[in-house]
Amino acid sequence: MKNYPWLKNTYSNIINYYKSKYKKNTILISSTIDLGINILSYNIGKWILCSNKKKINYCNQCINCILMQQKNNPNYYKITTNNKNKKINKKEINTIFNNIYNLIENNYKKIVFIEEIEYFKKYINNTFIDHLIKPQKNTYFILNTNNLINIKKQINNKITIWKIINPNKKICIDWIQKKTKIKKKKCSIALKLSEKSPLKALNILNKKYWENRKKLEIKLIKILNKENKLDLLTNLNNLENIEIIKWICAILMDAIKWKYKAYDIIINNDQYTLIKTLSKNLSIFSIYKSIKIWIKYINLFEINTVNKKSTLITSILNWENFLLKNKKINKYINN
């Protein structure tokens, strides 16, 4: 069974819940970060449909399991957004519901998996909720979300919610190390930078990201130690990777922690020179203002219609102008 190690306990608990007489046919699985809950939902659905279950495991050999592996099981319906624009195909939703509720024979178990249900918010009306609360015979709804707050008012106390909190750090680091063969310290930093998501940590451990991170560290140290023009545009305008921008925010936050001597919660603990340089050259206000500039860019980056290159250049220039304007003041404050 393919499952992430930090989700094994949750999988077991949910399967045992389905085996109990108090179960409801609709559940919502919620996590605040990317933990791979889509695979968890798939495994749960596969277990429900399996004709030859072995306790909490599906058999992988019955016709239902084989069809699930082939992504061709007629009793498994997946509703998701179309693309990166997060558009909803209303026609597809209606077709799936019609297929389920117009069937004369309801003896076969059916799974309806709705991915990222927060994007379906406007479709969650009384009729939709009635389907979830009182589903057709042998019909199971499995819903996923990374933004429970956005839909909680509409579904709270109406269905069973499974909240997945931050996974065990050791389990995640061991998994990342096994996948990458990278040293523990580096894996630990990547996990912190990825907001404790081992899947995101795996992505940012790629060689290009780490090289850009190191180059940017060296450039920023040189820039901050200069007495002349900062010239950030020349040095930063090729950094369109959003994860690198998030790293800039993290390193600025580390500079604040350094000022308050909170050394034990610093994320980038392999970049103390840069952190100390930032802390020495910038006031608390300047660091907060810098973070605000970059958070605004990150929020704009999520909007698909925005010209990302142009927005990045604007953010760099804003940061440069702010630092230039406050350089003498910051130097005075820190001395």
Side-chain angles (χ1 to χ4, degrees), residues 1-80 96 100 103 105-117 131-146 148 155 158-179 197-199 202:
M1 180 187 299
K2 183 183 178 183
N3 213 341
Y4 295 117
W6 55 87
L7 293 177
K8 285 183 178 179
N9 286 338
T10 304
Y11 171 82
S12 298
N13 292 336
I14 293 176
I15 296 303
N16 286 324
Y17 164 79
Y18 273 117
K19 291 167 74 176
S20 75
K21 63 180 179 179
Y22 302 106
K23 71 177 184 297
K24 293 181 181 179
N25 281 26
T26 301
I27 66 168
L28 171 66
I29 302 173
S30 166
S31 71
T32 55
I33 55 177
D34 184 7
L35 293 176
I37 59 175
N38 287 345
I39 287 180
L40 173 65
S41 299
Y42 168 86
N43 285 330
I44 292 165
K46 193 171 180 179
W47 179 87
I48 291 172
L49 294 177
C50 179
S51 306
N52 189 25
K53 300 176 182 64
K54 298 175 182 178
K55 295 183 179 179
I56 66 168
N57 298 317
Y58 45 78
C59 71
N60 247 348
Q61 295 176 346
C62 69
I63 185 64
N64 277 317
C65 285
I66 292 169
L67 288 173
M68 285 290 283
Q69 286 170 225
Q70 295 173 348
K71 299 180 180 180
N72 196 30
N73 194 314
N75 296 313
Y76 182 82
Y77 303 88
K78 182 177 180 179
I79 304 175
T80 186
I96 289 173
I100 294 169
L103 286 174
E105 294 292 335
N106 289 300
N107 293 325
Y108 293 107
K109 290 180 180 177
K110 297 172 288 295
I111 304 292
V112 181
F113 170 43
I114 304 180
E115 185 180 271
E116 297 180 301
I117 194 171
H131 288 326
L132 299 182
I133 298 171
K134 300 175 182 178
Q136 196 84 337
K137 182 183 176 183
N138 285 331
T139 299
Y140 296 81
F141 285 91
I142 302 174
L143 320 174
N144 278 3
T145 183
N146 287 321
L148 182 60
I155 61 172
K158 295 181 176 68
I159 62 176
T160 303
I161 300 174
W162 292 83
K163 295 180 183 178
I164 303 177
I165 58 174
N166 293 337
N168 180 280
K169 182 180 176 181
K170 185 180 183 305
I171 290 174
C172 293
I173 291 175
D174 287 347
W175 179 81
I176 295 167
Q177 277 192 290
K178 187 177 178 181
K179 288 283 183 181
S197 166
L199 299 176
L202 204 63

If you draw a 6.0 Å radius around CD1 in Ile66, do more than 12 non-hydrogen atoms from other residues or ligands fall strictly inside? yes

Flag side-chain contact, heavy atom, 4.5 Å: Pro198 against Tyr4: no

Rounded to the nearest 0.5 Å, what separation is found between the CH2 atom of Trp162 and the CD1 atom of Ile14? 5.5 Å

Less than 4.0 angstrom from a charged side-chain N to a carboxylate O is my criterion; do Asp174 and Lys170 meet it? yes

Set out, in order, the CA-CA distance, both residues' side-chain angles and the distance that settles side-chain contact (heavy atoms from CB on, under 4.5 Å) for Thr139 and Asn25, then state yes or no. CA-CA 7 Å; Thr139 299; Asn25 281 26; 5.7 Å; no

Report yes if some heavy atom in the side chain of Thr80 is under 4.5 Å from a heavy atom in the side chain of Phe113; otherwise report no. no

Distance from Thr145 atom OG1 to Ile161 atom CD1, nearest 0.5 Å? 9.5 Å

Which pair of non-hydrogen atoms, one from Gly36 and one from Leu7, has the smallest distance, and what is that distance? O-CD1, 3.6 Å

If you look at every heavy atom in Tyr11 and Asn57, which pair is closest and at what distance? OH-CA, 4.3 Å

On a heavy-atom basis, the closest approach of Trp6 and Ile171 is N-CG2, 4.0 Å

State, yes or no, whether a side-chain contact exists between Phe141 and Ile159 at a heavy-atom distance under 4.5 Å. no

Residue pair Ile111 / Tyr42, side-chain heavy-atom distance below 4.5 Å: no

With a 4.5 Å cut-off on side-chain heavy atoms, are Ile29 and Ile27 touching? yes

Assess the residue pair Ile44 and Tyr18 against the criterion (side-chain contact (heavy atoms from CB on, under 4.5 Å)); give the C-alpha distance rounded to whole Å, side-chain angles, the decisive distance to 0.1 Å, and a yes or no. CA-CA 9 Å; Ile44 292 165; Tyr18 273 117; 3.6 Å; yes

Reported CG-to-CD1 distance for the pair Asn52 and Ile63, which is rounded to 0.5 angstrom: 13.5 Å

Is the count of non-hydrogen atoms from other residues, nucleotides or ligands lying under 6.0 Å from Lys8 atom NZ greater than 12? no

Quick check for you: to the nearest 0.5 Å, what is the distance between Ser41 atom OG and Ile142 atom CD1? 6.0 Å

Looking at every heavy atom in both Leu199 and Leu35, which two are closest together, and how far apart are they? CD1-C, 3.8 Å

Using only heavy-atom distances, determine whether the side chains of Asn146 and Ser31 contain a donor-acceptor pair under 3.5 Å. yes

Gln69 vs Asn60, side-chain contact (heavy atoms from CB on, under 4.5 Å): CA-CA, chis, key distance, verdict: CA-CA 8 Å; Gln69 286 170 225; Asn60 247 348; 2.6 Å; yes

For Cys50 and Cys59, work out which heavy atoms get closest and say how close. SG-N, 3.3 Å

Within this structure, what is the CD-CD1 distance for the pair Glu116 and Ile37, rounded to the nearest 0.5 Å? 8.5 Å

Consider only side-chain N and O atoms of Asn38 and Glu115, and report whether a donor and an acceptor are under 3.5 Å apart. yes

Does any N or O in the side chain of Ser197 come within less than 3.5 Å of the main-chain N or O of Ile33, such that one atom is a donor and the other an acceptor? no

Please evaluate residues Leu148 and Leu28 with respect to the criterion side-chain contact (heavy atoms from CB on, under 4.5 Å), reporting the C-alpha separation (whole Å), side-chain torsions for both, the decisive distance (0.1 Å), and the verdict. CA-CA 9 Å; Leu148 182 60; Leu28 171 66; 3.5 Å; yes

Report the residues that fulfil side-chain contact (heavy atoms from CB on, under 4.5 Å) with Asn9, sequence neighbours left out, ordered by chain and then residue number. none

How would you list, by chain and number, every residue that makes a side-chain contact (heavy atoms from CB on, under 4.5 Å) with Asn73, sequence neighbours excluded? Leu49, Asn64, Leu67, Met68, Asn75, Tyr76

Measure the spacing between NZ of Lys110 and OH of Tyr140 and express it to the nearest 0.5 Å. 10.0 Å

So does Lys55 get a backbone contact from the side chain of Trp47, meaning a donor-acceptor N/O pair under 3.5 Å? yes

